[in-house]
Structures are given as structure tokens and as C-alpha cells.
Number of protein chains: 2
Amino acid sequence: MNIPANFPASTAMKSTAPKVTIEVVAKKAGVSKGLVSFALNNRPGVSPETRVRILEVAKELGWKPSLRARSLSTQRSYALGLVIARNPDVLASDPFFPSFIAGVESILAPEGRALVLSVVPDEETELHTYRSLVADGRVDGVFVSDLRHNDARIPLLAELGLPAVTLGRPDGPSPFPAVTVDDTPGVMASVAHLATLGHRRIAHVAGSSTLLHGLRRRAAFAAALEAAGLPAGQTVETDFSVAAGSDATRRLLTQDHPPTAIVYANDPMAIAGLGMAHELGVRVPDELSITGYDDIDFCRYVYPPLTTVSAAPMVWGRSAASTLLTLMENGSADDVDLPAARLVVRGSTAPPSDR
Amino acid sequence: MNIPANFPASTAMKSTAPKVTIEVVAKKAGVSKGLVSFALNNRPGVSPETRVRILEVAKELGWKPSLRARSLSTQRSYALGLVIARNPDVLASDPFFPSFIAGVESILAPEGRALVLSVVPDEETELHTYRSLVADGRVDGVFVSDLRHNDARIPLLAELGLPAVTLGRPDGPSPFPAVTVDDTPGVMASVAHLATLGHRRIAHVAGSSTLLHGLRRRAAFAAALEAAGLPAGQTVETDFSVAAGSDATRRLLTQDHPPTAIVYANDPMAIAGLGMAHELGVRVPDELSITGYDDIDFCRYVYPPLTTVSAAPMVWGRSAASTLLTLMENGSADDVDLPAARLVVRGSTAPPSDR
DNA sequence: GATTCCCACTGAACCGGTTTAGAAAAGGCT
DNA sequence: AGCCTTTTCTAAACCGGTTCAGTGGGAATC
């Protein structure tokens, strides 16, 4: 740590900080602390003129109530929490969270609320993290993402009495509002698109079946095949990671009657699948059609560009944040159903070559 | 928001919470509040037996000091901040932050500290965000990433008196410790690798020159060419985004004497470049060699797999977090130089075909 | 035995807000 | 005018810790 001599010492600069507290404002306005507090939080019981005067003095003195003091007396933290339990590899290749968080922030920042983020390695730590966030009073509410079958977080959060919003609808009972982007239509549209092109052997590289969205996309895949009058397709389960997507693709393509099209449960796996197809000398889309899910930025720029399903994580983040704030304010909030993800057709899908 | 009748109401569950405070502990242990505080923070002035007794009572009662109360009296928040100012697109395609944050968390969590994350759209908002984090006392220290030329954050943070750690060494004077991964050797190794293979026309798709790491990689590129006795290479500046990487590649490849190798300032752009090469019918690595930077997960699974430079963002996160904690504890901390990023040779580089 | 010193410990102030009980002032009604 | 109600405002308690000045007792010093 090098401190050049000419650099202003940090301590020297914050010389005369007069610490303007509510007490100072009260004195200057000639009223009691309590009244200043009332005026600030526009509570009844303050005459209009006094209120104005107090607020003027406050502004003049540049007073901002201390978040810490306020936290102590109100027992709230004015912050929301997001706990992410994901394998670091999967997390790193999936742009969902950065976008989601950007959306959340766009709502929280103007409200003066902060986002406390925790990234944890496994589910046990995850539950523990929720507990300590509550015990420490770090957050007033949380986002629950990556819902799992019979998710243990729902009853835990209910027990802790912590307001929460779920990203998607849990499969069990839940006292919390859900903000949902239905992914079923997108997956069904993918399959329908492939069926229309003439594909009959369509496989699915599914995500983890412990995750609801993994399960749901898989079910949608099966349903869509049936709707199209096609036989059940081969399904390979993965953990959503790029590596697993690659492996699954190899397995599918090196068997006797390989599929002519593969529907992937997310884009990173689809991109890995594209790479694997190239490696195996299988031409896309001539010999193999590929679809992804999420419409991450990469999709447009790989070759061929990826047919995929476009969700809108940023909008999701905004909506989830608003819903959570409403819940905390009113004690209740309605479920929100965002527009379903839509199929975006690009170059990675084409009619099958054989037959 | 649907509450099934059989679901335990959240309020019903937190029925009798006896609120165990320091007062309760003190009473039960037969000592004063102050002494409990002393015992807890192992301060001198408490006899060994009393200390043990107090701690036993505390454990028995399950007492955890209130973070909020502690925050108010110590004027600290026990949280660290990370402010990210990036175009959402770039942020989404770059897995640096998720990994970095995972590393940071692995250090903070055991210490009982939280990470407050802010994602902001531009630099002005960024500075404002730092100010309010301090004004609200949300954090005790911050990470400064994506250093820019003559970075305005350094003097601001110094003025605010907020402890900070910079990711990389700023180009101006800085009172803060820097945790650095030198990216120069990696870029130089890339160029040397290409030169050894026989490439003579090597181009660079650079990142934004407002960012120090963009500038540095660009300088390293130029220096490496010179060291290899090659003429200055063509350089196209971008904003690090996938889209820009794709455009830059098209421009480079559709000119008269296209380069036989391109060194990209990050992996996402390299992957986009790979896609563009395919689209233009330029075979990689036969007609064009490509190198990236960061070694993101995708590199291994695109085709051909990408030769790149491997940094270790997670280790970087851990190291930055430790350094920041040390700084806050001791009032000073040493710079840390992490092992330089290393070249990883994969399939996207080969000897040039022509000549 | 008196003085000094040190150590363990207490009581109260303090951090900076919110909240409540109740006093003072203002207004309404007969 | 006298009484009751309502409104405006104050004082003090409270949130739950930390910190500091000061008390009391025991050992060490002379």
C-alpha cells in the first residue's frame, strides 16, 4: 500500500464534520425531537406550518436521519436479500442473475433500499444463511429463486416470518406472492416449431429435476411431443452446466439412431451442444437442429445463431422487487404473471436432412 | 397470493419470542450489562472465571448481540460494498463478477459480514451510490473494480474516508491497497504463441480504453508484437460486449489483407469472433487463429475450444476480501500480487495456412 | 498499619432515532 | 362563561448494545 506524499490523507479531509442529528434540527426549529420525527414521517399531529418549518430547517442543515438509529428503533433494516445457491460453474455461465439483479436494483435504489447478496455453495448453507440474515436483522424481505420441488425454504421463511417473493410458483403451499414467467409455452413452441419443420426424433437435454423450472420445461417438452403426435423423445438430465450439456450432447449424437433435433433447457448447454456437434462433424442445422432457452446475448453471435426462447430477467427483477416492496408495505401482494417467454427463431433450426 | 387454509400462518408461529438481550444475560449472570459486553468482546478487565460464566449463560440463553444495536453504538455496519457500473449486456455475458462474488462470500460469510451489492447504469450514478452507501452507513468498506484511467472513485473514497481495495493498481496515486492479477504476461504469451506458430498479421480486438485493463492488454499486445519483431498490428477498440466483438471481427476479416490471427481482450468477444468467422466461411484455426482472455467455462466447449488466458476470479475475490478486512482491522494492508494469468492453449490456434 | 496500586466490576451516559403518555393550547357547544 | 373535545406539542422511555468515569476490595509496598 503506497501512499504518495502528495496525496491528501483521508483523515485530514473529514476534519470538521458537525454531525447534524435530529436533536440539532429540533433545537434549531425550536421544537422537540419527537415532533421532528413526526414531521419527517408525515404523521398526523403536526400543524401544517410547523411541519413546513421543520422540513425547511432540516433541508437547510442537510439532515438525513441516521439509518442505523432508525434501524434500531424500528427493527427494520431497509434492505432486501437475495441468496443464491448454485454451483459456481453454473452460476458463472448463466447470465440470469446479473440481469435479474440489475432489474431489482433499478427499483430499490430510488427507494433508498439496499440489496444484500449471498452466494452459497449448497442448500444447507443456504438455509443457514436465511436464518442468519433474519437473526442479524440484515434484511426485511428476500427473493427466493431457483425453486425446488417441495422447497424447504418456503416453510422456513414462513416460520421466520420474513416477507418473501418467489420467482415462479412453488409446487407446494406458499404464503408468499409469486412472480412468474411461464416457460411452458416457450418450450412447447420450440417443439412445435421443430415438428413443423419435419423433425420426428427430438431429444431434450433437461436441467436438474430438483429444480422446478427444470421439471417444468421437461414436462412441457413431453406434452408438446404428444400434442404434435410424436413418440416420446429421449431426455437426458443434467445439472444445467455447460460441461453437462456438452456430455449429454455427445451421448445423444453417438448412439445408433441419433435425434435430428435437440431442445436444451438453457442456452449455455445449447451452445456447448453446438460445439459438440461441430466436434463430432455433425452439421447444424443441416443434420441437427438445436434450440436453447433464455436468449442470452451469446445466442445471436454464435454460428449458426441460436433459436431460443426469450425470457426477460431484468423485467422479472423489477417486478419481483416491486412486489416484495408492496408486500412489506401492505402486508400482502398479488401474484404477478409476466408475459410468457417467446420463441425466437434463428439459424440453428432447419428441416431434417434424412428422410 | 394464495394462502391455503392448512398452511401454518406465519404470524401464528412466532408466538412467544422472549427477546433475549444483553440485559437478560447480565441479570442472569448476576453482573452488569457493561461486563457482559466486555466479556463478549474479550476485553481486559474481566476475571477469567466471570468471563467463562458470562459466556456460558449467554450460550445457554442463546444470546446473540443485536447487530443493529451494535451498529448504532460502534458506528459500523459489518458489511462490505461492491458497486458495479456496467452496461447490462456486458455484465450479463461476462462471468467475472459471479465468480468474484462467490470468492468474496467465502471469506465474508464465516466472519458474519454481509455483502451489499449495487448494480448501476453509469458512472455518475456510481459515484452517487458510493456517497449514499457512506451517508447511510451501509458499509464499512468497498471493492473498487473496473478501474478507469484517472479514476474519480479513488479521490472520492479517500475523501469519504471509506476503506477500499482496488482490483488492480490504479494509474494515479492511491491510498488504498491493490489486489492485482497481472494480465500483461498472459497477453504477451498469447502473442508469442501465435508468433511462434508463424503468424505475422496479428490483430487485436481491444476492450474499452477507458478501462485500465483494456488499456493494459492493448499495450501488452503492442509490446509483444514488437518483442517478436513483428510490425504493429491492427487494433479495434470495443466496449467489451459480445456485439462489439462480433462487429470488430467482421471488419477485420472483410478487409483486403485480413489478419491470420486475432487476440481478443476477453472471451465473450472471442466467442462472438468465432461465430463471425464461421459465418464468413473463415475456418478456425486453419485460416484464422483466435485467442481470448479469462478462460470462462464456455471456452472449453465451443468448437474449436478456445485458446485463452486463465485468470482466477474466485481467488481474486477471496484475496480482495481478506485484504479489505485486514485494512479495516489494522488500518493498513499490503498490496497483493496474485499469480499472473497464464496462457491455456486449445484448439483455436494453429499455424497460418497461407505462405 | 497506612498508603499505594491494580484489578474486577458497576452505573450511567451515549449512539440517534421512534413512540407513547400526558400537558398545554385551541376550538366547539350549551 | 364554563365544560368538553380535539389538536399540537413536549418529555421521557425505549430500541440494545458500547464505553467511560468511578467505586470497592485485595495485594503489594513502605
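Computed from heavy atoms alone, side chains included, the values below leave out hydrogens, waters and symmetry copies. Labels below follow one simple rule: chain letters A, B, ... track the order of the sequence lines, proteins then strands, and each chain is numbered from 1.
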Tabulated below should be each protein N or O lying under 3.5 Å from an N or O of nucleotides 20-23 of chain C; please produce it.
none

*Under 30°, 30 to 60°, or over 60°: which ring-plane class applies to F100(B) and F96(B), parallel, tilted or perpendicular?*
parallel
*Scan T50(A) against the nucleic acid and name what it touches under 4.0 Å (heavy atoms): base, sugar-phosphate only, or nothing.*
sugar-phosphate
*Which whole-number value in Å describes the distance from L61(B) CG to dG16(D) C1'?*
15 Å
*asked:* What's the closest nucleotide to the side chain of W63(B) if the choices are dG17(C), dG17(D), dC15(D)?
replied: dG17(D)
*State plainly whether the residues D337(B) and R169(B) are in salt-bridge range, i.e. N to O under 4.0 Å.*
yes
*For dC15(C), does either OP1 or OP2 sit under 4.0 Å from a side-chain N or O belonging to R68(A)?*
no
*Report which part of the nucleic acid V36(B) touches: base, sugar-phosphate, or nothing (heavy-atom distance under 4.0 Å, all strands).*
nothing
*asked:* Could you check whether E123(B) pairs with R148(B) (Lys NZ or Arg NE/NH1/NH2 to Asp/Glu carboxylate O, under 4.0 Å)?
replied: yes
_Please determine whether any donor N or O and acceptor N or O are separated by less than 3.5 Å between the side chain of K33(B) and the base of dG17(D)._
yes
*Within the structure, does a side-chain N or O atom of R70(A) lie under 4.0 Å from either OP1 or OP2 of dT18(C)?*
yes
_I want to verify a distance call: between dC9(C), dG16(D), dC9(D), whose nearest atom is closest to the S66(B) side chain?_
dG16(D)
